[in-house]
2 protein chains.
Amino acid sequence: MAIPKYQQIADEIRDRIRTGVYPPKSLLPDQNTLAKAFGVSRMTIKKALDGLASEGLIYKQSGLGTYVLGDVTAHTNDSPAEVFEGLTKQEGAEHVSSQVLTFDVSLPSQLVRNKLQLAPDEPVYVIDRLRKVDGQPAVLEHTFFPLKLVPGLTHEILLGSIYDYLHQNLHLKFGGALRRINADVAGTLEVDFLNATRGEPVLQVEQVIWLTTGENIEYSTSRNLASWRGYTILDINHD
Amino acid sequence: MAIPKYQQIADEIRDRIRTGVYPPKSLLPDQNTLAKAFGVSRMTIKKALDGLASEGLIYKQSGLGTYVLGDVTAHTNDSPAEVFEGLTKQEGAEHVSSQVLTFDVSLPSQLVRNKLQLAPDEPVYVIDRLRKVDGQPAVLEHTFFPLKLVPGLTHEILLGSIYDYLHQNLHLKFGGALRRINADVAGTLEVDFLNATRGEPVLQVEQVIWLTTGENIEYSTSRNLASWRGYTILDINHD
DNA sequence: CAGTGGTCTAGACCACGAT
DNA sequence: TCGTGGTCTAGACCACTGA
C-alpha cells in the first residue's frame, strides 16, 4: 500500500472531472454511493473529497451535495505558479544558471539577526547571485544562511540549486515561509546586471524560510524586472 | 455541539502552546495519551493536530512524534495579512472610506470577457474607486462585476464595502481567488489621486474571484504606493 | 420528511524511526 | 523490538437542505 486509498481515489475522481465524466456544475454521486462504488468506507471517500476541495476542484455543502467546479485554470488563462521551491524547480534545471557576485561569511547585522533569530556571534553566509533563465539575466538574489545550519557551502554549489543541496545532501526539510512582496524602481545593480533602464519598475520578494524544526534557515531578498515576471497566488476559501 | 470537539481540542492545545505549557521545540504527548486525556477517540485528536499542523504551529513525523514549533510570528516581527476579504475587513470599517470615480454599465472587452468567462452580450459594471484609510488616499481600484450576478448595485453601496453587500444581502459565498502581483511606476492617476510623485514605485494586484458555484464574479486591478503597503504571504509546506 | 455531508467512535493494521 | 503517527473500517448520530 505505497499510495493510500484516499489518494488513489482523489486521483481517479480528479481524472474523471478532467475528462468530463463529472462535468463542471454537476453534482458528484453522494459519499455513500461513492464508498460502495470504490469498495471503501465513507471516511476514506470523505478524505479524498477533502483533498479535492482544498484544491478548489469541488465544493461540498452539507444538506446539498458536492458540486464539480472544474479546473482552477478555467477561471483565467494564466496558470498559478507553485513557488515554494526555488527558481530551478520552476523553470527546470536545464534552463537556469547562476553567476556568483558575492560569497562571504560575516557576523549578522541587527536586521539579519532579527530575521534569522540568531545570536550576535553566530556567523552567516552572505551571497549575491545573478540568476539567468536560458542565458538571459532574470533575478538578482541577496541571501543570508546561518553557518551553523548550512555547513560546507561552496562556490560550486552556488552555481546550481542551493535548495537541492539543502534537501538532498543536508536532508533538511522546509516547514514554511513568510514572504513580503513589494515594488521598487531599478537602481544601479539592476541597470548593471539585469539590463534595466533606470527608473524601470522592479518586483521585490523578501522572504524568511524555516525548517520543520522551527529554525530559520534563510533570509533573502530577490528582485526582478516587473516586465519579466509577476507573482501569482491561488487562494481557496476554506470558510 | 455547536463547536466540534476537534476544534475545541485544537483551541485548547493552541492555547497551551501560546502560554508555554507546551514550549517550542518540545514534543507533544503522543496521540493515544492525548486521546485518553481529552476523553476522545484518537481520530479526533489527529484531526485537531492536522489543523494545527496546517497553521504551521506543530510538525508531525511518523515514527518520531509531534514537535511544537511555536507561533509563526516568532519567525519574523511582521505579522502576515490574511487578505481574502477586502480592505474594509483588513483595516476595520471605521477606518475605511471610498470615493467613487466611475460607476458605469457596459459590454465587456475581450479581456474582461475572458477573465469573467462571459458571453459578448452580457453587460458588466465598471467601477473605479479611491479607497481611503483614515482619510488618507490609499488604493485605486478598477473593478468589473457581471450584472447578472450582482443585481441592484447602487452608488450608496459603493461608498462602503461591496463584499459585505455580496455576502450579507446577496448571500454569495466566495470559492477562491487567483491573484497576480506586479510592480509598476506611478502614472497620471496615481499622481492625481494618491499624491504620488511621477515615477514612484506602485504595487499592482490583479485578481479574479469566483463563487462556490464556480462562476467568476469579479475581475479587478488595484494599485497602491509601494511605500504605503506591501503584500504578505504565509506559506506552510505540506510536503 | 428523506437525503446530504460533518462528526465521532473503538477498534485494527501499517510504515517509519530509534534503540 | 517498540512506540510513533498514518490509514482504514463499519458503524452511529447530528445539522442542514430541499421537497
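Residue numbers start from 1 in every chain, and the chains themselves are labelled A, B, ... in the order their sequence lines are given, proteins ahead of strands.
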Any donor-acceptor pair under 3.5 Å linking the side-chain atoms of [Y] with those of [X]?
X: A:Lys173; Y: B:Tyr59; result: yes
X: A:Gln168; Y: A:Tyr163; result: no
X: B:Gln61; Y: B:Tyr67; result: no

Closer than 4.0 Å, any side-chain N/O of [X] to the OP1 or OP2 of [N]?
X: B:Tyr6; N: C:dT7; answer: yes
X: A:Lys47; N: D:dT7; answer: yes
X: B:Thr44; N: C:dT7; answer: no

Tell me the interatomic distance from [X], atom [atom1], to [N], atom [atom2], rounded to whole angstroms.
X: A:Met43; N: D:dG6; atom1: CE; atom2: C1'; result: 13 Å
X: B:Tyr67; N: D:dT4; atom1: OH; atom2: P; result: 14 Å
X: A:Asp50; N: C:dC8; atom1: CG; atom2: P; result: 14 Å
X: B:Ile45; N: C:dA10; atom1: CD1; atom2: C1'; result: 14 Å
X: B:Ile3; N: C:dG6; atom1: CD1; atom2: P; result: 18 Å
X: A:Lys173; N: C:dG17; atom1: NZ; atom2: P; result: 9 Å
X: A:Phe38; N: D:dC8; atom1: CZ; atom2: C1'; result: 16 Å
X: A:Tyr59; N: D:dT17; atom1: OH; atom2: C1'; result: 13 Å

Got a list of protein N/O to nucleotides 2-5 of chain C N/O distances below 3.5 Å?
from  : atom 1 : to      : atom 2 : distance (Å)
C:dG3 : N2     : A:Gly63 : O      : 3.3
C:dT4 : OP1    : A:Asp30 : OD1    : 3.1
C:dT4 : O2     : A:Gly63 : N      : 3.0
C:dG5 : OP1    : A:Thr66 : OG1    : 3.3
C:dG5 : OP2    : A:Gln31 : N      : 2.9

*Counting side-chain heavy atoms from C-beta on, which of D:dT9, C:dT9, D:dT7 comes nearest to B:Lys5?*
C:dT9
*Under 4.0 Å between a Lys/Arg side-chain N and an Asp/Glu carboxylate O for A:Glu206 and A:Arg179?*
no
*At what distance, to the nearest 0.5 angstrom, does CG of A:Asp15 lie from CD of A:Glu12?*
6.0 Å
*Side chain of B:Asn237, backbone of A:Phe174: donor and acceptor closer than 3.5 Å?*
yes
Sequence neighbours left out, cut at 3.5 Å: what donor-acceptor pairs do the side chains of residues 144-159 of chain A make with other protein atoms?
from     : atom 1 : to       : atom 2 : distance (Å)
A:Lys148 : NZ     : A:Glu122 : OE2    : 3.0
A:Thr154 : OG1    : A:Glu156 : N      : 3.4
A:Thr154 : OG1    : A:Ile157 : N      : 3.2

